[in-house]
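Hydrogens, waters and symmetry mates play no part in the numbers below; they use all other heavy atoms, side chains included.
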Amino acid sequence: QVQFVESGGGSVQPGGSLRLSCVHSRSIFSIFGMGWYRQAPGKQRELVASITKAGATTYKDSVKGRFTISRDNAEKTVYLQMNGLKPEDTAVYYCNTHPGQLPYWGQGTQVTVSS
């Protein structure tokens, strides 16, 4: 089955760190740019970070300097290193292609930041 599988979420205190991983069942990472997205309760899904095939990255302003996106095409994996987590980072995190998304999403991984 073709799908994204996200993992690595959890519950942390403010200032903590998590590393999210996203794998895909096919070798799409060498074809498409990739993005990490998140959706908080009651809010729309938003782009957090993206990485092109060449490795150029962009970030949502509120996560710049705290989050780092990277990719390993051979391992079919995209990562999101999150440091200095804040309560407002609490959300379900998903990966998908960017720009433009494939017409399916994984289950996501829950990130909860609270004291």
Side-chain angles (χ1 to χ4, degrees):
Q1 183 176 357
V2 178
Q3 61 179 349
F4 294 103
V5 179
E6 300 92 349
S7 63
S11 295
V12 298
Q13 294 186 339
S17 297
L18 288 171
R19 189 191 195 204
L20 307 184
S21 299
C22 169
V23 297
H24 193 273
S25 54
R26 293 183 179 175
S27 299
I28 68 167
F29 294 161
S30 60
I31 301 173
F32 297 103
M34 295 298 301
W36 277 99
Y37 304 79
R38 69 186 180 189
Q39 187 167 20
K43 295 187 177 182
Q44 289 192 333
R45 189 175 290 160
E46 62 179 0
L47 178 69
V48 175
S50 66
I51 185 166
T52 67
K53 291 185 294 182
T57 58
T58 62
Y59 298 93
K60 178 180 173 64
D61 284 348
S62 62
V63 308
K64 283 181 181 177
R66 300 189 296 123
F67 290 10
T68 303
I69 187 171
S70 61
R71 62 193 297 159
D72 185 332
N73 291 343
E75 295 296 322
K76 307 178 198 176
T77 306
V78 176
Y79 303 98
L80 186 68
Q81 177 68 44
M82 305 187 297
N83 300 325
L85 283 162
K86 303 177 179 181
E88 52 263 42
D89 295 319
T90 295
V92 179
Y93 285 71
Y94 304 86
C95 69
N96 207 315
T97 54
H98 176 80
Q101 294 83 52
L102 295 177
Y104 51 86
W105 295 82
Q107 299 262 21
T109 185
Q110 175 71 48
V111 172
T112 303
V113 186
S114 70
S115 54

Candidate pair Ile51 and Tyr79, rule side-chain contact (heavy atoms from CB on, under 4.5 Å), full reasoning: CA-CA 10 Å; Ile51 185 166; Tyr79 303 98; over 6 Å; no
Go through the structure and list residues passing salt bridge (charged side-chain N to carboxylate O under 4.0 Å, His left out) with Lys43, not counting sequence neighbours. none
Charged N-O contact under 4.0 Å between Lys86 and Asp89: no
So, for Trp105 and Tyr37, is the gap between ring centers shorter than 6.0 Å? yes
Examine Ile31 and Val23 and state if one hydrophobic cluster contains both, with Ile, Leu, Val, Met, Phe, Trp and Tyr joined whenever side-chain heavy atoms are less than 4.5 Å apart. no
Taking the side chain as every heavy atom from C-beta outward, state whether Ser11 and Ser114 have any atom pair closer than 4.5 Å. no
Check for me, please, whether Phe32 and Ile69 land in the same ILVMFWY cluster - side-chain distances under 4.5 Å, paths through other members count. yes
Specify the closest pair of heavy atoms between Cys95 and Glu6, including all atoms of both residues, with the distance to one decimal. N-OE2, 3.1 Å
Report the distance from atom CH2 of Trp36 to atom CG of Leu47, rounding to the nearest 0.5 Å. 12.0 Å
What is the minimum heavy-atom distance between Val92 and Gln107, and which atoms define it? CG1-O, 4.1 Å
Short side-chain to backbone donor-acceptor contact, Asn96 and Tyr104, under 3.5 Å: yes
Going through the distances and angles, do Ser50 and Thr58 end up as a side chain to side chain donor-acceptor pair (under 3.5 Å)? CA-CA 5 Å; Ser50 66; Thr58 62; 2.4 Å; yes
List in chain and number order the residues that pass side chain to side chain contact (heavy atoms under 4.5 Å, CB included) with Val111, two or more places apart in sequence or in another chain; answer none if no residue qualifies. Leu18, Leu20, Met82, Tyr93, Val113
Expected output: side-chain Thr97 to main-chain Leu102 donor-acceptor under 3.5 Å: yes
On a heavy-atom basis, the closest approach of Ser17 and Gly84 is OG-N, 4.4 Å
Checking Gln110 side chain against Gly9 main chain: does a donor-acceptor pair fall under 3.5 Å? no
If every non-hydrogen atom of Ser62 is compared with every non-hydrogen atom of Arg38, which pair is closest and at what distance? OG-NH2, 3.8 Å
Should Tyr59 and Met34 be counted in the same cluster of Ile, Leu, Val, Met, Phe, Trp and Tyr side chains packed under 4.5 Å apart? yes
Between Gln39 and Ala91, the two heavy atoms sitting closest are O-CB, 3.4 Å
Closest non-hydrogen contact found for Cys22 with Phe4 is SG-CD2, 3.8 Å
